[in-house]
There are 2 protein chains.
Amino acid sequence: MPSKKSSVVADAAGDVWNAGCPSRRVLELVANKWALLIVPLLRGKPRRNNELLRKVGGISQKMLTQTLRELEQNGLVLREDLRTVPPHVEYRLSPLGLSLSRTLMAVDRWAEANHARIDAAQQAARARA
Amino acid sequence: MPSKKSSVVADAAGDVWNAGCPSRRVLELVANKWALLIVPLLRGKPRRNNELLRKVGGISQKMLTQTLRELEQNGLVLREDLRTVPPHVEYRLSPLGLSLSRTLMAVDRWAEANHARIDAAQQAARARA
DNA sequence: CAGTATCCAAATCGATACTG
DNA sequence: CAGTATCGATTTGGATACTG
């Protein structure tokens, strides 16, 4: 009989764990705090550059642009230039981006729900050390 | 009447979006590819250093140790030294880490399920540029 | 408003050599 | 086996100044 196909997580040969697999690129695209913050923020209404700059605490214009461009290049974010004067540009999620946003929102929520526990654990570790 | 308390995502003042909020630290802890790969790998059985080194494609000893220590310090991973000769050390998830692993697995799975779409979008973008 | 361009300090990370 | 220590190349990212 053929060996049972194990679940991806049980056996690491699966996919993202394999450097070089295309899914690893996607993981790296997503594994950064600005993407983790921006993508969920883009749900619902489209957002403008300055708006994002204000809402994403601590981000610089450089990183905002860079992250948005990267997300756009990978089909997650759509950029719409209304071609007005003064300029008005809107960013929103593509359907694919919307799908991703559900997953990333879960990460954000986990962070918010558990930061107290993490902080406590860190305190305890520091006390030990 | 009091203004309706908006959902965290609808209004960014919430939490992770606020630089300086403790939950942001948690986000940064998790927003890195090695954590995203290691935490889900630790589900089920405990894993050893060399085992992880092999399973997590592309990671170096340095990054493995560094990531494990960081996760340990924050209460997500438990390190057990069996104190044998030759050394035998096992890493496993704490209950908190197990909780996180469910969220992170979803990210990994999304990457695996959608990398073809992302690749296609990127191709298209390149063709355009 | 919505960016781009540039400089440069700091953080990241792999490779290598070494230890208990 | 399970690390630590160190060096140096690369990357990252903020600040600042400028553009259409």
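In what follows, chains are A, B, ... by sequence order, proteins preceding strands, each numbered from 1.
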Checklist entry - Start at the 5' end of DNA chain D and walk down; is the nucleotide closest to A:Q61 or to B:Y91 reached first? => result B:Y91
Item to check | A:R92 side-chain N/O to A:L78 backbone N/O, donor-acceptor pair under 3.5 Å | outcome: no
Checklist entry - Does B:V16 offer a backbone N or O that forms a donor-acceptor pair with the side chain of A:E112 under 3.5 Å? => result yes
Checklist entry - For C:dA2, does either OP1 or OP2 sit under 4.0 Å from a side-chain N or O belonging to A:R79? => result no
Next on the checklist: In this structure, how many angstroms lie between the P atom of D:dT12 and the CG atom of A:N32, rounded?
Outcome noted: 10 Å
Item to check | Residue met sooner reading DNA chain C from 5', once A:K62 and A:R54 are mapped to nucleotides | outcome: A:R54
Item to check | Rounded interatomic separation in angstrom, taking CE from B:M63 and C1' from D:dT10 | outcome: 14 Å
Next on the checklist: Without decimals, in angstroms, what is the distance between A:K33 NZ and C:dA11 P?
Outcome noted: 12 Å
Next on the checklist: Nearest whole Å is fine: how far is C:dG14 C1' from B:I59 CD1?
Outcome noted: 12 Å
Next on the checklist: Whole angstroms only, please: what is the CD-C1' distance between B:Q66 and C:dA11?
Outcome noted: 10 Å
Checklist entry - Are OP1 or OP2 of D:dC1 and a side-chain N or O of B:R48 less than 4.0 angstrom apart? => result no
Checklist entry - For D:dG20, which nucleotide in any strand shown is its Watson-Crick or wobble partner with both distances under 3.5 Å? => result C:dC1
Checklist entry - Could you state the CG-P distance from A:N49 to D:dG20, rounded to the nearest angstrom? => result 18 Å
Checklist outcome for this item: Ranking D:dG13, C:dT4, D:dA2 by distance to the side chain of B:N50, first place goes to D:dA2
Item to check | Criterion side chain to side chain donor-acceptor pair (under 3.5 Å) against A:E51, the qualifying member of A:R47, A:K55, A:R54 | outcome: A:R47
Next on the checklist: Taking A:W34's backbone N and O only, do any of them form a donor-acceptor pair with A:N32's side chain (distance below 3.5 Å, no angle check)?
Outcome noted: yes
Item to check | Between C1' of D:dT12 and CD of B:E28, the distance in whole Å | outcome: 14 Å
Checklist entry - Among the nucleotides C:dG14, D:dA2, C:dG3, which one has an atom lying closest to any side-chain atom of B:P87? => result D:dA2
Checklist outcome for this item: Ranking D:dG14, D:dG3, C:dG14 by distance to the side chain of B:S60, first place goes to C:dG14
Checklist outcome for this item: 5'-most contact on DNA chain C (nearest-nucleotide basis), B:W34 vs A:E90, goes to A:E90
Checklist entry - To the nearest 0.5 Å, how far apart are CG in B:L68 and CG in B:L42? => result 7.0 Å
Checklist outcome for this item: Here the distance between atom P of C:dG3 and atom CD of A:E51, to the nearest Å, is 13 Å
Next on the checklist: Over all strands shown, is B:R83 touching base, sugar-phosphate only, or nothing at heavy-atom distances under 4.0 angstrom?
Outcome noted: nothing
